[in-house]
Structure formats: structure tokens, C-alpha cells
Amino acid sequence: MVSAQDIILPVPHKSGGKPLMDALNERQSVRTFTGDNLSVQQLSDLLWAAWGINREPAGNRTAPSSHNRQEMDVYVTLKSGLYLYDARANILKQIHDRDIRALTGTQDFPATAPVNLVYVSDMTKRGKKEGDTITDTDLLSSWANTGFMAQNVYLYCASEGLGCVIRAMVPRDKLAPEMELKPHQAIILAQTVGFTPEK
Ligand SMILES: Cc1cc2nc3c(=O)[nH]c(=O)nc-3n(C[C@H](O)[C@H](O)[C@H](O)COP(=O)(O)O)c2cc1C
């Protein structure tokens, strides 16, 4: 059910952008951002690139996942709060309205960059039950899956003239409770996205 606090995303642009080889040539990590917000169209396109559905009716995604278990969730931290990307409904479901961008990293720029994605693995989608212990080995596929999603975001950003950086320096123990995650949900990586200052 959609609530008033959710962000209804416009239909993502599934064509256009820079040619792939140009985007690869311009892919880079950026750590300096202006505070400007992405448009909702850019948010929609970014999230579709990361983890959108590109094949119906099966619901396959723009990024692969081991055994197509699709255990990954993309959370989005904005100034206006924490959201969960629902690719099928194409909405950002608000979890809460607190600004927790600073908690997504141990560096300074996540606090002020407009968007920080947090890639979370839901291990109940890989056969674990709530309360089961999750080991590092259990999460190997989720780390690999996240790499593909993050590269999609890098390429989208290169195509769109945005900056981004994938980040492992995430204070997971502090962040997980602020995201209201359950023990079977593991934070894998975060990725900051925003506009870069004019050179
Ligand atoms: C798994 C992984 C974790 C990373 N963690 C961080 C991080 O926490 N903070 C950061 O600023 N950059 C992080 N990076 C970005 C790398 O520093 C960056 O990719 C590298 O310096 C090469 O630069 P390039 O991406 O511009 O080619 C990470 C990259 C990877 C692949």
C-alpha cells in the first residue's frame, strides 16, 4: 500500500544515455559533491539501473544474482528520511523520516551528499530462517551481487554526468538499528551519489 510519505517514482528511462564504451571510459569514483538533489526522474533511473526489473513477467533484474534468489534490497537515505526501493511498484517506501545519511559512512561526504544507497542482503531469501546465525561465507553471493549493482550505478552516473563512489567503510553496527534492520538482514556496501562541483 502506498502512503503519503512514499515517493512515487516516474517510469524509468530504459533507453538513451551515453554509449556504453563512453560510459566505461568515464567511470570513476568521486568524493566531492554539491548538496543539490537529484530529480525524481534521475532517482528512478538510478534505481532502475541498480536493481530494476528489465524482464517481465519473470521479474528478472538489471543486475544478476546467484541462483536468481534476488536477496538484495536497496535502501535509499535522503535528507527527508530512509526509503526502501520497491522495483515492482516503482516507489520509494518510507521507513522513517530521520536523516541518517551521516551514519552510512565513516567519511565526511555521505552526510551532505544528496543520496546514499545502502545494499542490504535479506538472508531469508537464501534459505535462512529468522534467528539463524549468518556467517561471512553465507554472504559471499550477496557481496558479488552488490558488485554488479554498484557497477550499474557507476555506469549510470557516468552516463548522466553524476558522481558516485562505492563504500565499504560503513559503520554497520550503528547503521543497522537506525535502519530498523532484522538480524537476518546484513548491510553489504553503501554508495554515495550526487552532483559534482563544476571544474
Ligand atoms: C569493495 C570496495 C570498497 C570500497 N570502499 C570505499 C570506501 O569505503 N570509501 C571510499 O572512498 N572509496 C571506496 N572504494 C572506492 C575505491 O577506493 C576506488 O574504486 C579506487 O580508489 C579506484 O578508483 P576509481 O573507482 O576512480 O577507479 C571502494 C571500492 C571497492 C571496490
Side-chain angles (χ1 to χ4, degrees), residues 5-7 9 38 43-44 46-53 59-107 110-111 113-154 156-157 164-193:
Q5 293 73 30
D6 298 341
I7 299 174
L9 297 168
L38 274 64
L43 259 184
S44 178
L46 169 78
L47 290 161
W48 184 77
W51 195 223
I53 293 169
N60 293 70
R61 306 275 184 152
T62 52
S65 64
S66 171
H67 293 281
N68 195 25
R69 292 278 176 83
Q70 302 192 6
E71 77 270 24
M72 304 311 301
D73 284 313
V74 183
Y75 286 78
V76 184
T77 66
L78 306 175
K79 191 173 186 182
S80 56
L82 173 69
Y83 302 83
L84 173 63
Y85 176 51
D86 180 335
R88 192 164 288 283
N90 201 34
I91 61 167
L92 286 177
K93 188 91 200 133
Q94 191 179 63
I95 308 296
H96 61 62
D97 64 3
R98 299 189 300 281
D99 181 359
I100 60 165
R101 289 175 296 169
L103 279 174
T104 68
T106 55
Q107 296 159 284
V115 178
N116 288 277
L117 307 177
V118 184
Y119 298 104
V120 173
S121 171
D122 178 349
M123 291 304 288
T124 60
K125 295 183 184 157
R126 293 199 69 87
K128 293 282 181 186
K129 293 191 287 302
E130 293 197 22
D132 284 355
T133 306
I134 310 292
T135 67
D136 288 348
T137 307
D138 293 328
L139 293 171
L140 283 177
S141 293
S142 299
W143 278 84
N145 299 341
T146 301
F148 292 106
M149 299 160 80
Q151 179 71 350
N152 286 2
V153 167
Y154 266 113
Y156 168 72
C157 287
C164 74
V165 60
I166 187 70
R167 297 186 287 100
M169 291 160 63
V170 177
R172 294 175 179 76
D173 291 349
K174 281 189 194 149
L175 180 57
E178 291 295 332
M179 292 179 64
E180 302 173 7
L181 297 182
K182 305 265 171 30
H184 60 269
Q185 292 180 290
I187 297 169
I188 307 296
L189 292 169
Q191 192 165 21
T192 305
V193 179

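Atoms considered below: every heavy atom in the structure, side chains included; atoms not considered: hydrogens, waters and symmetry mates.
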Would a distance-only check, ignoring hydrogens and angles, find a side-chain to backbone donor-acceptor pair under 3.5 Å from [X] to [Y]?
X	Y	answer
Asp6	Gln94	yes
Arg61	Trp51	yes
His67	Arg69	no
Arg101	Ala113	yes
Thr192	Pro110	no
Ser65	Gln70	yes
Asn90	Leu9	yes

How close do [X] and [Y] get, heavy atom to heavy atom, and via which atoms?
X	Y	answer
Ala50	Ala63	O-CB, 3.8 Å
Ala150	Gln191	O-NE2, 3.2 Å
Val193	Cys164	CG2-CB, 4.0 Å

Is any side-chain heavy atom of [X] less than 4.5 Å from a side-chain heavy atom of [Y]?
X	Y	answer
Met179	Val118	yes
Val165	Tyr154	yes
Tyr83	Leu43	no

Practice problem: Given side-chain contact (heavy atoms from CB on, under 4.5 Å), test Arg126 with Asp138 step by step and report yes or no. | Solution: CA-CA 9 Å; Arg126 293 199 69 87; Asp138 293 328; over 6 Å; no

Between [atom1] of [X] and [atom2] of [Y], what distance do you get to the nearest 0.5 Å?
X	Y	atom1	atom2	answer
Leu139	Ile188	CG	CD1	5.0 Å
Thr124	Ile134	OG1	CD1	8.5 Å
Met169	Gln107	CE	CD	4.0 Å
Ile7	Ser80	CD1	OG	5.0 Å
Ile53	Arg88	CD1	CZ	4.0 Å
Arg167	Leu117	CZ	CG	9.5 Å

Exercise. Count the heavy atoms of every other residue, nucleotide or ligand shown that sit under 6.0 Å from CG of Asp173, and state whether that count exceeds 12.
Key: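 Open: at most 12 neighbouring heavy atoms sit under 6.0 Å from CG of Asp173.
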
Quiz item: Passes side-chain contact (heavy atoms from CB on, under 4.5 Å), Lys125 versus Asp73? Steps please.
Solution: CA-CA 11 Å; Lys125 295 183 184 157; Asp73 284 313; 4.0 Å; yes

Exercise. Could I get the full list of side chain to side chain donor-acceptor pair (under 3.5 Å) partners for Tyr156, not counting sequence neighbours?
Key: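 Per chain and number, Tyr156 pairs via side chain to side chain donor-acceptor pair (under 3.5 Å) with no residue.
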
Exercise. Start with the C-alpha gap between Thr104 and Val170, add the side-chain angles, then the distance that decides, and say whether side-chain contact (heavy atoms from CB on, under 4.5 Å) holds.
Key: CA-CA 6 Å; Thr104 68; Val170 177; 5.5 Å; no

Exercise. Decide yes or no on side-chain contact (heavy atoms from CB on, under 4.5 Å) for Val76 and Val115, but give the supporting numbers first.
Key: CA-CA 7 Å; Val76 184; Val115 178; 4.1 Å; yes

Quiz item: Would Lys79 and Asp99 pass as an ion pair if we require N to O under 4.0 Å?
Solution: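 Looking at Asp99 together with Lys79, the answer is no, because their closest N to O distance does not fall below 4.0 Å.
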
Show the atom names and distances, to 0.1 Å, of all donor-acceptor pairs under 3.5 Å that link a side chain in residues 180-187 to residues at least two apart or in another chain.
{"from": "Gln185", "atom 1": "OE1", "to": "Lys182", "atom 2": "N", "distance (Å)": "2.9"}
{"from": "Gln185", "atom 1": "NE2", "to": "Tyr75", "atom 2": "OH", "distance (Å)": "3.2"}

Quiz item: For Thr77, which of Asn116, Leu103, Ile95 qualifies under side-chain contact (heavy atoms from CB on, under 4.5 Å)?
Solution: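 One option only clears the test, and that one is Asn116.
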
Quiz item: Which residue pairs satisfy the side chain to side chain donor-acceptor pair (under 3.5 Å) criterion with at least one member in residues 143-152, sequence neighbours excluded?
Solution: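 Applying side chain to side chain donor-acceptor pair (under 3.5 Å) to every pair that reaches into residues 143-152, excluding sequence neighbours, yields Glu71-Asn145.
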
